[in-house]
Amino acid sequence: MKLAAKLVLLFLACLALVVGVFSFLSLKQAQSLALTEHEQHATDLAAMLRSAPDSMSKEQQVWIAQSEEVHHVRLRLVNPHRPYDPSLRPTVPTDLVIRVTEVTTFSLPNDAGEETMVTYVPLHDAAGTQLEVAKPQAYWSKQLSDSLRRSAIALLAVSTVTSLVILLGGLWMVGKPLDLLVQKVQRIGHGDLSGPVELKRDDELGKLGQAVNEMCEQLEQQRTRIASETQQRLAAVEQLRHADRLRTVGRLAAGLAHEIGTPLNVVSGRAELIASGRLSSEDARASALTIKAQTQRITSIVQELLNFARSKTLQRATIDLNQLLAETVNLLRPLADKKQVQVTLAPFESEAPAEVDSAQLQQVFTNLLVNALQAIDAAGQIDIAISKIDPSQIEQGLSLADVKQRSDQYWQVSIRDTGQGIAAEIIDNIFEPFFTTKDVGEGTGLGLSIAYGIIREHAGCIIVASEVGVGSTFKVVLPATVPS
Ligand code: ADP
């Protein structure tokens with residue numbers, strides 16, 4: 001219900017209450033006034049009878065008085081001590097009247113059923129005569145109801161006019177501006193801060209409108225500032241991730257020099273043979289094909305490295321985790337071979353689709369594998385396995401509530417190494433940015449914190465378990481793409 005209508009209803013309810021109480025009190029007052037007047041009249045008549053000359057009988061005097069009265073008032077002389085005389089028997093039961101010693105009024109219906117006030121005034125003569133003055137209440141009741149009706153009509157007119165004024169005034173002065181404010185607040189709720197609310201008025205609602213507009217301006221400024229800060233922060237994170245990728249490229253380059261060296265030797269040997277001119281045309285052709293194959297191999301090695309190093313725009317797509325891990329292992333194989341570390345990959349039995357940013361995810365796996373390689377001093381083993389798990393199997397990591405929102409099933413990529421392991425007292429710190437136990441130039445302490453950030457953005461988690469002298473296992477958990 002509109003505010004103005006509620007105000008009108010409240011006003012009318014209050015008015016009805018006040019008028020009701022006032023009318024009730026007026027009625028009571030009018031009744032008591034009528035009674036007092038009536039009793040006074042009866043007392044005056046009785047006094048007149050008492051002081052009348054003895055030459056005139058009381059009956060005669062009453063008769064004269066009655067003739068002067070208006071027709072609805074009836075005067076009689078009664079005597080409750082002589083009930084056997086019907087002309088003197090009081091209208092009210094005798095036993096009540098007999099106890100009357102001063103002016104007393106009874107209210108009872110007359111023969112016609114009209115409510116009547118019957119007043120008795122003792123004349124204090126030897127016979128115990130009393131003056132009975134009867135007056136039907138209908139007479140003054142009618143006067144009273146007439147006056148009440150007139151008041152009610154006046155009141156109805158006043159309340160109608162007032163209600164209309166409140167209703168129209170309320171709609172114009174309160175309802176309309178409030179509607180505008182409500183619409184504005186709803187727009188704010190939906191994130192639309194544009195279009196100030198136009199309330200050109202100098203009252204509280206005008207001030208409220210102004211305050212809302214100012215609040216929107218401030219929110220807009222803050223929103224712009226937060227957007228630009230977020231942009232800067234994202235750019236900084238991206239730069240950091242890129243720097244981390246370049247650092248890994250540096251590490252991989254050492255292994256790649258050897259990897260490229262072998263095909264280069266083959267190329268130069270075959271080229272020398274062709275140049276000697278001692279080869280038959282068939283052999284020369286075979287050598288040329290070998291040169292071609294080896295240069296393609298070199299190109300693909302360099303291409304893989306360049307792909308990894310290149311700063312890429314973020315984009316998610318459904319990829320096969322088996323394939324991504326195979327490529328990553330390929331990229332790292334030269335480094336592993338150099339350290340005589342055996343890397344095994346146990347892919348998932350079928351495709352392992354996940355909606356991820358493949359470049360970012362490759363960075364995560366590369367960081368974990370480089371760490372594993374660095375943790376192995378002499379020859380060792382790195383085992384990678386992909387499996388499917390459900391949320392109940394995630395023992396630790398991100399809050400499960402977070403994770404459950406995304407998927408019913410998860411991929412778990414476990415990377416187990418036989419390295420030196422991580423001491424229990426530092427295991428809680430390894431994901432902190434710039435935490436490293438490696439020498440200057442060897443470690444920056446960014447690898448795991450970047451991996452953690454990327455996996456969190458993918459609504460997943462990284463779980464680590466380690467034993468000093470035995471090795472470490474890093475498990476990357478990611479939501480599995482639900483097959484459509
Ligand atoms: P960085 O490798 O540059 O030191 P990271 O954030 O990648 O930075 O790793 C932080 C630390 O965690 C490492 O310095 C190392 O002590 C520890 N760590 C990470 N992975 C392993 C692992 N597989 N085995 C042993 N220690 C590890």
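Source: prediction; values computed, not measured. Note that ligands are numbered from 1 as they come in the structure, with each ligand's atoms numbered from 1 the same way.
- Using a heavy-atom distance under 4.0 Å as the criterion, the protein contacts of ligand 1 are R247, N371, A372, A375, D417, G421, I422, I430, F435, T436, T437, K438, G443, T444, G445, L446, G447, L448, S472, F474.
- Between the side chains of Q412 and K388, not a single donor N or O lies within less than 3.5 Å of an accepting N or O.
- Listed by chain and number, the residues in a salt bridge (Lys or Arg N to Asp or Glu O under 4.0 Å) with R270 amount to none (sequence neighbours excluded).
- Between the side chains of T318 and E355, no donor-acceptor pair is found at a separation under 3.5 Å.
- Pairs passing the side-chain hydrogen bond (donor to acceptor under 3.5 Å, both in side chains) check and including a residue from residues 153-163, sequence neighbours excluded, do not occur.
- In terms of the side chain to side chain contact (heavy atoms under 4.5 Å, CB included) criterion, residue partners of Q222 (sequence neighbours excluded) are, by chain and number, L219, R225.
- No hydrogens or angles considered: a donor-acceptor pair under 3.5 Å links the side chains of D244 and Q363.
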